[in-house]
Amino acid sequence: MAQIRTIPQSAQPKKGCGPLIDPLSDPSRPLRQQIFERVRAVGQIARVQLSKELGISPASVTTITSELIETGILEEVQTLRDAESSRGRPAVALGVRSGTRHVVGIKLSDREHTAVLVDFAGNLIAGEAIERTPDAMELDALLNAAAELLSRVCAKGGVEPHTISALGLGVPGFVDSEKGIVHWSPVLTERHIDLAAALRARLAVPVVVDNDANLVTLAELWFGAGRALSDFAVVTIEHGVGMGYVINHRIYRGARGMGMELGHTKVQLDGALCRCGQRGCLEAYVADYALVREARTALNLTHKETQSVATLLESLYAHAKGGNSAARSIFRRAGRYLALGLSNVVNLFDPQLIILSGERMRYDYLYAKETMAEMQELSLDTGRDIPNIEIHAWGDLLWAHGAAALALHDVTERLLGSSREMAAQ
């Protein structure tokens with residue numbers, strides 16, 4: 001059976017940020033970018049070590065890092081040599097000059113909007129959250145919410161909003177990240193909105209947009225358990241069910257940028273109505289609104305229509321913990337559908353690790369032993385253990401951190417990526 005570990009947020013590695021890509025694994029990226037990203041990923045590194053890890057000459061490393069220092073994105077730092085006493089002569093290493101650029105990551109959701117301000121090394125400067133009524137917003141209201149978050153988080157961090165290098169934004173729903181278009185989202189009343197362009201016009205800063213499940217995956221890839229893994233999956237369970245997948249240290253989005261919609265794979269023909277408008281989606285059996293729908297029927301909670309989804313869920317969970325068989329059966333049924341979805345992920349992708357993330361992971365009935373056993377039964381018997389599973393019950397700031405990683409990647413690509421080299425030719 002798969003090993004299950006619950007990982008607190010404080011246990012995640014803090015040194016450096018970004019994917020710890022295997023040396024020599026991606027020669028397609030410009031050498032300047034490889035060097036910079038390796039320095040940022042490990043936090044601090046000596047030139048001689050860079051030369052060894054990237055398989056390039058010390059002279060090339062010296063030349064390129066000197067250029068990056070001159071442009072202001074790297075700097076020399078002093079650190080004690082390994083195995084030396086405090087009397088040892090400090091060694092010179094390279095690090096990211098963190099304060100030269102800042103980015104903001106924003107997550108807009110049904111219940112709460114969150115934002116983080118981070119520097120170019122990925123260090124958190126400030127965070128902010130705004131509660132909201134869980135209704136779809138018109139575009140102007142959504143733009144106002146993003147502008148307010150940007151203003152608040154920058155004020156906390158002592159940074160002028162117009163000076164940030166990029167803003168990463170995440171929303172639930174069907175998002176074409178490459179074009180910045182949101183085709184459908186439960187937080188927007190309109191469909192097929194060029195949200196990136198609308199925000200750029202409103203805020204006068206570069207904007208990149210992505211699906212929120214991809215943001216959680218980016219957060220794990222840049223700051224969490226997936227940094228050293230080449231292939232892993234993240235499944236999010238909150239207001240909906242989302243999935244992100246990393247292949248060779250990169251997010252996979254599909255040919256049109258809208259792949260990995262695990263929550264909208266069909267598990268029941270003509271089944272329960274999903275908020276996307278179709279029937280039988282996995283989300284319609286596992287997400288919070290699905291649990292509340294079942295609870296109102298099984299526990300006769302119709303008199304509590306005015307209570308929030310979160311309050312009703314807590315009531316359902318309390319009933320289950322208290323031994324109520326109807327409440328337990330609701331979580332058990334949702335767990336069985338989750339097992340079905342996860343086994344499909346295993347059979348399709350064979351990931352190194354599956355991370356279950358989101359606030360609903362506090363409800364341990366969703367990943368009880370019975371759920372994991374059923375997942376294994378539904379997975380192909382290849383003679384090997386199925387992937388390990390980690391439970392990350394983190395808050396909404398994690399999603400905003402993923403949006404910040406999206407923004408950091410965008411800035412790095414514009415500064416050092418292949419598109420910059422093509423433009424210079």
Side-chain angles (χ1 to χ4, degrees), residues 103-110 112-116 130 132 134-154 161-218 236 239-240 242-244 250-261 263-264 275-278 399-400 402-415 417-420 422-423:
V103 302
V104 168
I106 290 179
K107 158 72 183 303
L108 302 177
S109 74
D110 305 74
E112 185 180 47
H113 300 324
T114 53
V116 295
I130 300 175
R132 63 171 296 254
D135 294 316
M137 297 181 291
E138 294 185 354
L139 178 60
D140 284 345
L142 186 142
L143 297 178
N144 290 339
E148 181 181 0
L149 267 176
L150 175 64
S151 177
R152 286 193 186 188
V153 78
C154 285
H162 69 273
T163 66
I164 68 168
S165 298
L167 184 148
L169 179 77
V171 294
F174 307 147
V175 182
D176 185 334
S177 179
E178 183 177 348
K179 296 180 179 179
I181 296 175
V182 178
H183 290 286
W184 170 81
S185 174
V187 301
L188 262 175
T189 56
E190 299 100 326
R191 287 176 177 256
H192 312 298
I193 298 297
D194 191 340
L195 188 56
L199 267 178
R200 281 194 294 266
R202 173 66 185 272
L203 304 176
V205 297
V207 175
V208 281
V209 178
D210 207 344
N211 169 269
D212 58 357
N214 282 340
L215 298 186
V216 178
T217 310
L218 278 173
T236 62
H239 317 295
M243 176 176 166
R250 292 182 176 179
I251 289 279
Y252 176 77
R253 293 186 173 88
R256 293 176 295 171
M258 293 181 289
M260 298 296 111
E261 287 292 345
H264 300 285
R275 62 179 180 171
C276 75
Q278 296 190 357
W399 307 67
L406 183 69
L408 285 172
H409 174 75
D410 177 71
V411 175
T412 305
E413 284 289 327
R414 285 190 276 117
L415 284 173
S418 56
S419 58
R420 178 183 181 276
M422 292 294 292

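We count residues from 1, following the sequence as given. For the numbers below, each heavy atom of this structure counts, side chains included, while hydrogens, waters and symmetry mates do not. Predicted model only: the values in this text are computed from it and were never measured.
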So, for Phe174 and Cys276, which heavy atoms are closest and what is the spacing to 0.1 Å? CZ-CB, 4.3 Å
Side chain to side chain contact (heavy atoms under 4.5 Å, CB included) partner of Val171, chosen from Asp210, Leu195, Asp212, Leu215: Leu195
Heavy atoms of Ala403 and Gly105 approach each other most closely as CB-CA, 3.5 Å
Leu406 and Leu169, any side-chain heavy atoms less than 4.5 Å apart: no
Test log, rule side chain to side chain contact (heavy atoms under 4.5 Å, CB included), inputs Val182 and Glu190: CA-CA 9 Å; Val182 178; Glu190 299 100 326; over 6 Å; no
Decide yes or no on side chain to side chain contact (heavy atoms under 4.5 Å, CB included) for Asp176 and His183, but give the supporting numbers first. CA-CA 7 Å; Asp176 185 334; His183 290 286; 4.0 Å; yes
Is it the case that more than 12 heavy atoms not belonging to Glu138 sit under 6.0 Å from its CD atom? no
Which heavy atom of Val207 sits nearest to which heavy atom of Ala196, and what is that distance? CB-O, 4.0 Å
Within the 4.5 Å heavy-atom criterion, are Pro172 and Val187 side-chain neighbours or not? yes
Measure the spacing between CE of Met137 and CG of Asp135 and express it to the nearest 0.5 Å. 10.0 Å
Give a yes or no on whether the backbone of Ala147 and the side-chain of Ser151 come within a donor-acceptor separation of less than 3.5 Å. no
Do Val153 and Val116 have side-chain heavy atoms sitting under 4.5 Å apart? no
Taking every heavy atom of Ala407 against every heavy atom of Val104, the minimum-distance pair comes out as CB-O, 4.1 Å
Could you state the interatomic distance from CD1 (Ile193) to CG (Leu143), rounded to the nearest 0.5 Å? 9.5 Å
Identify the heavy atoms of His113 and Ala145 that sit nearest to each other, and give their distance. CD2-CB, 3.7 Å
Can you confirm whether Ser185 sits close enough to Val175 that some side-chain heavy atom of one is under 4.5 Å from a side-chain heavy atom of the other? no
Here the pair of heavy atoms bringing Ala198 nearest to Leu139 is CB-CD2, 4.4 Å
What is the distance from atom CG of Leu149 to atom CD1 of Ile130, rounded to the nearest 0.5 Å? 4.0 Å
Residues Arg132, Leu108; criterion side chain to side chain contact (heavy atoms under 4.5 Å, CB included); working and verdict: CA-CA 10 Å; Arg132 63 171 296 254; Leu108 302 177; over 6 Å; no
Is there a donor-acceptor pair under 3.5 Å between the side chain of Thr236 and the backbone N or O of Gly242? yes
Residues forming a side-chain contact (heavy atoms from CB on, under 4.5 Å) with Arg191, sequence neighbours excluded: Trp184
Using the side chain to side chain contact (heavy atoms under 4.5 Å, CB included) rule, pick out the option among Leu167, Thr163, Val103 that qualifies with Val205. Leu167
Could you tell me if the side chain of Asn211 sits less than 4.5 Å from the side chain of Glu261, heavy atoms only? yes
Quick check: do Leu218 and His409 have side-chain heavy atoms less than 4.5 Å from each other? no
Non-hydrogen side-chain atoms of Ser177 and Asn214 separated by less than 4.5 Å: no
From CZ (Arg200) to CG (Asp194), nearest 0.5 Å: 6.5 Å
